[in-house]
Amino acid sequence: MESYTTPTRPRVYKQMSQEGYDHATVEERWQEAWDDAAVYHVPDEASDPTYVLGMYPYPSGKLHMGHVRNYTITDAYARYRRMRGDDVLHPMGWDAFGLPAENAAKERDTNPRDWTFDCIDTMRGQMKSMGFGYDWDREVTTCTPEYYRWNQWLFRRFHEAGLVERRDAEVNWCPSCETVLADEQVEGDAELCWRCDTPVETRELDQWFLKITEYADDLLEAIDELEGWPNSVRQMQRNWIGRQYGTTLDFHVDGHGPVEAFTTRVDTIHGATFFAVAPDHPISEELAEEDDDVRRFIEEEADPDGDEPNGVATGLSATNPATGEEIPVFVADFVLSDVGTGALMAVPGHDERDHAFAEKMGVEIRPVVAPEPDGWDGETVPEAPDVSEAAFTDDGVLINSGEYSGLDSETARERLTEAIDSAAESTQYQLRDWGISRQRYWGTPIPMVHCDDCGAVPVPDEDLPVELPEFINTTGNPLDAADEWQETTCPECGGAATRETDTMDTFVDSSWYFLRYVSPDLEDAPFDLDRANDWMPVDQYVGGIEHAVMHLLYSRFFTKVLADEEGLEHREPFTNLLAQGMVQLEGEKMSKSKGNVVSPQRIVDEYGADTARLFMMQAAQPERDFDWSEEGVKSTHRFLTRLNDLVEAYAAGDVATAGDGDAEAADRDEIDDYVADETDAAVAIAGAEYDDLTFNVALREAQDLVGTLRSYREHADPHPDVFERGVDVAVRLLAPVAPHLAEELWETLGRDGFVAEAEWPTASVDRDTVERRRRLVANTREDVRDIVEVAGIDDPERIDVVVAPDWKYDALEIAIDSDADNLISELMGESHIREQGDAAASYGQDLQANREALRETLDGDAEYDALRAAAWLIEREFDAPVRVERAADADESVVSKAEPGRPAIDIVE
RNA sequence: GCGGGGGUGGCUGAGCCUGGCCAAAAGCGGCGGACUUAAGAUCCGCUCCUGUAGAGGUUCGAGGGUUCGAAUCCCUUCCCCCGCACCA
């Protein structure tokens, strides 16, 4: 670990009042101290550090609450792991390419680079003021040539591996901006450009693709192993990949030869009563040239986005390869060219959409599958279902299918696929290859040159990076206007050639940035392979659900390719993924357009970063949405102020302790035990909850402990050791979330070093014991209240609490362990129980009656100790002395009511 | 339509996986009390119904089932949210 010296700046003056503490000074001071001591730096020699990562932000200019929440989660976890003794890798960087910078540059007459770096500077400053403990030595900025050259290098490796393809594609094109838009940048049903509201057109363009579909099976199947991921994200990725098993087969269409169709239900082929092709299917386009109806339909009527299935008869017929039957061919808009083969056999009896179309066009609807009858013998051909009103879409038993009648659907599919000549098993995916071409300036230039003789040729590694030219403020793609930049020579033939002007989708940058953090300055490779093998995968990744598919799928894809091509020993990048919830205001997502944005900057200025962080972490579990509440922030701030005041008062000697602060001389009372127990309890629970990232529960324990300490101080002269440990523990439990104040108070307590590097406290109890003890105390207090209220006791004079005799604990334990039929006789086998006579028999009967419900309790000694320790709570509440007694010391008539887990209570009026 | 996640007391929301210590955490709101000249803050309680000694009754969307025992497990059903979708 790094060495450091404790800062020795002058002590900060802190107000001892409800006004709060001087958060600005405290926070600044420790941010500098951490910085000076490089507390968050991970040396390259570290062995397998815990890798905690938040999705790096787009540098839009300012942090918003979503960022603050995201990065507080990772920071808190990183700090917790560090206190647990781990080396922690917790880096930050910038997703710094992207269109907004280009637009901003145009508006402000500057260039994207300057604008982006300004934003980064601002946001980095805000992150530092939040106290996020990043290893800034590993900062990564994707828009620098030092980073994006590796995008180009990786593109080349993908190219060599046959995973890059250039082909024609239909893209969203905004004629006003003169650029391609991603699907998500096209808004609303009217399909308007997100930026200028111009209706988007489609264009055919040569585009570069990464062949992610080659990895479809791997990406899909490995999802099952991603046990640290939320089910929702796993399911979304499965849907996105959308693998389907089915059959391809040919239908002969007059004059057009065989036309391939894909179906998952070849078992229904005897019910195929028409054939349909997409409006942009080659056959449709051929037909349109000679058939006016078809042309009019394609050009005017076809509406693939409408709810109604529309179509036009072609007058052609197709031959059903199973039956030889001639069936009509339609051009229909519900057939999509990018699904399956763009042509389908339609079975109206067993497909709802086909059914609707058949009804509309008056095509025959023929049932060929019947529901499997109850207790079906596997042979009998059942009655046909009524499919006139609605399709029967389940698997079942074939009917009206010639020799196949009587087979179940699954068997029929296998046999038919085998029997039909042109049929073959086929797997279809919804996943498409990833089009990475963008006609924009502010991205990674795709490292290809176009040579008239050699075609598209990759730029050799030694010529990388292909750097962006100066930004030119123009409409369309500034790279198209950069004539000089485009001019180059062909790496293969040396002739004149031009550079590719497309840049890469910024998702390329983010598909491997988590690897760059491992060796951010490496100059001969994107990442140090050995170190990546040691440090990867990311142990805990945190980010918004909006990246469930895109970024998280692309990153998985890259990781797998790097494993196959570059020797990376990991096939998945992120072991545990947390999709954090939204920060809302009055149930609505914060957004600029709604004008309901709460500025993190304002909160930090007004209350401090610790307040903002603590409020967010205790408000809800990290994966849930929660409402921002100014009231909640204030209450959190008051809590921190109380904590500060308490520690200050203690350090200043204003807490009157027993023995005048001399632990040796101080008597240790029951209340001291209570506080010591509660301190342990808080440690036991908070640790486990931090492990689970349920910060809200962990923090509740820490906050409750502070409350307990305050009561302790009010109610007694605290034992110096107990009080000090309580305060010390509270500070450490809060340190991951409220690091600045914790650091300040750590110093106030006279501790050496940083609390950020302090050891996590350990507990001498387990959670079960804590819960039993708390339950016992809470139940007993409630019972006393009940009695006082129900019996109408106004002013109790004394309250006796008597723990059950030892033999009852023994009897209970025997009863729990025993599986004898007659529990009483088993109990009576124990002489010390038998000696109790009627009492033993009576308790034995109780146990027998509730045998299945018996639960372990604390033992008699532990119950006695716990109740004695908690007696002050009852005394305080009822203003009467409380006597906690062992059974042997109490009156028999009272003792008889005591049971394990339930002491006898006697209230003297 | 398919897939995922939900429906808990005045509200928010935990518990459900691993059934019993669950009339059900915590917070908010409301009520009472302490402190204060007062307010705020803080602290102590109460907050389903009945009850003169810790009890009983009725509750966890609805209906049914399993079990000695169900908020928790199973089936059916209704409703809400999210993702995908004329996906062949």
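Just so we're on the same page: letters track the sequence lines, and every chain starts at 1.
If you measure from atom CG of A:L699 to atom C1' of B:rA14, you get 16 Å, rounded to the nearest angstrom. For the pair A:I685 CD1 and B:rA25 P, the computed distance is 16 Å after rounding to whole Å. Spacing between atom CD of A:E782 and atom P of B:rA55 amounts to 11 Å, rounded to whole angstrom units. In this entry the distance linking CD of A:Q618 with C1' of B:rG13 reads 14 Å, nearest Å. A:D333 places its CG atom 15 Å from the C1' atom of B:rA85, with the value rounded to the nearest Å. Rounded to an integer number of Å, the gap from CZ of A:F878 to C1' of B:rG33 is 13 Å. Taking atom CD1 of A:I241 as the reference point, atom C1' of B:rC87 lies 15 Å away to the nearest angstrom. When rounded to the nearest whole Å, the span between CG of A:L812 and C1' of B:rG20 equals 14 Å.
Taking a pair to require two hydrogen-bonding distances under 3.5 Å in either a Watson-Crick or a G-U wobble arrangement, B:rC28 pairs with B:rG10. Using N1 to N3 plus N6-O4 or O6-N4 for Watson-Crick, or N1-O2 and O6-N3 for G-U wobble, each under 3.5 Å, B:rG40 pairs with nothing. The partner of B:rG1, taking Watson-Crick or G-U wobble pairs whose two distances both stay under 3.5 Å, is B:rC84.
The side chain of A:R785 sits closest to B:rC46 out of B:rG3, B:rC43, B:rC46. Candidate nucleotides B:rC86, B:rG83, B:rA88 were compared by shortest atom distance to the side chain of A:P309, and B:rC86 ranks first. Taking only side-chain atoms of A:I787, from C-beta outward, the nucleotide of B:rG83, B:rU42, B:rG54 with the closest atom is B:rG54. Listed nucleotides: B:rG54, B:rA88, B:rU52. Nearest to the side chain of A:D786: B:rG54. Among B:rG54, B:rA88, B:rA26, the nucleotide with an atom closest to any side-chain atom of A:D783 is B:rG54. The side chain of A:R772 lies closest to B:rC21 when the candidates are B:rC21, B:rC86, B:rC44. Closest to the side chain of A:N231, out of B:rC44, B:rU52, B:rG5, is B:rG5. Of the listed nucleotides (B:rU52, B:rA88, B:rA25), B:rA88 has the atom at the smallest distance from the side chain of A:L344. Side-chain proximity of A:R876 to B:rG4, B:rG45, B:rG83: nearest is B:rG45.
Among the atoms of the strands shown, only primed sugar atoms or phosphate atoms (P, OP1, OP2) are found under 4.0 Å from some heavy atom of A:N779. At a threshold of 4.0 angstrom between heavy atoms, the contacts of A:D303 include nucleobase atoms, whether or not backbone atoms are also involved. Using a 4.0 Å heavy-atom distance criterion, A:G340 is classed as a base contact. A:Q430 comes within 4.0 angstrom of a nucleotide base, judged by non-hydrogen atoms across all strands. Heavy atoms of A:P903 sit under 4.0 angstrom from at least one base atom. At a threshold of 4.0 angstrom between heavy atoms, the contacts of A:V549 with the nucleic acid are absent. When heavy atoms are screened at a 4.0 angstrom cut-off, A:R234 is found touching no nucleic acid atom at all. Among the heavy atoms of the strands lying under 4.0 Å from A:Q621 are primed sugar atoms or P, OP1, OP2 only; no base atom is included. Within the nucleic acid shown, A:A356 has no heavy atom closer than 4.0 Å to any nucleic acid atom. A:L336 comes within contact range of at least one nucleobase, with a heavy-atom separation under 4.0 Å. When heavy atoms are screened at a 4.0 angstrom cut-off, A:D354 is found touching no nucleic acid atom at all. Nucleic acid contact class of A:I907 (heavy atoms, under 4.0 Å, all strands): base.
Rounded to a whole angstrom, the distance from the P atom of B:rA70 to that of B:rG19 is 14 Å. Rounded to whole Å, the separation between the P atoms of B:rG15 and B:rG61 comes to 15 Å. Straight-line distance between the P atoms of B:rG6 and B:rC17: roughly 13 Å, to the nearest whole Å. Atom C1' of B:rG54 sits at a distance of 29 Å from the matching atom of B:rU67, rounded to the whole Å. Nucleotides B:rC46 and B:rU37 place their C1' atoms 28 Å apart, quoted to the nearest Å. Only the P atoms considered, B:rA23 is 10 Å distant from B:rG56, to the nearest whole Å. Rounded to a whole angstrom, the distance from the P atom of B:rC49 to that of B:rA25 is 15 Å. Remark: the separation of the P atoms in B:rG40 and B:rC48 is 25 Å, to the nearest Å.
Of the two residues near RNA chain B, A:R855 and A:K897, the one whose nearest nucleotide lies more 5' is A:R855. The residue among A:V790 and A:R624 whose nearest nucleotide of RNA chain B lies closer to the 5′ end is A:R624.
For A:R775, a side-chain nitrogen or oxygen approaches OP1 or OP2 of B:rC22 to under 4.0 Å. For A:R238 and B:rG83, the shortest distance from a side-chain N or O to OP1 or OP2 is not below 4.0 Å. Contact between the side-chain N/O atoms of A:R638 and the OP1/OP2 oxygens of B:rU42 is found at a separation under 4.0 Å. The side chain of A:Q244 contributes an N or O atom lying less than 4.0 Å from OP1 or OP2 of B:rA88.
Pairing each heavy atom of A:D354 with each of A:A346, the nearest pair is OD2-CA, 3.2 Å.
For A:E899, there are no salt bridge (charged side-chain N to carboxylate O under 4.0 Å, His left out) partners two or more places apart in sequence or in a different chain.
Taking the centre of each ring, A:F275 and A:F330 stay at or above the 6.0 Å mark. Annotation: A:Y674 is not in aromatic contact with A:Y712 [ring centroid separation under 6.0 Å not met].
When A:I787, A:I793, A:V908, A:I907 are each tested for a side chain to side chain contact (heavy atoms under 4.5 Å, CB included) with A:I799, only one passes: A:I907.
Atom CH2 of A:W872 is surrounded by more than 12 heavy atoms from other residues, nucleotides or ligands within 6.0 Å.
Proximity of a side-chain donor or acceptor of A:R700 to a complementary backbone N or O of A:Q618 within less than 3.5 Å is not detected.
If you check the side chains of A:Y245 and A:R243, you find a donor sitting under 3.5 Å from an acceptor.
Cation-pi contact between A:K634 and A:Y607: absent, since separation from the ring centre below 6.0 Å together with deviation from the ring axis within 45° is not met.
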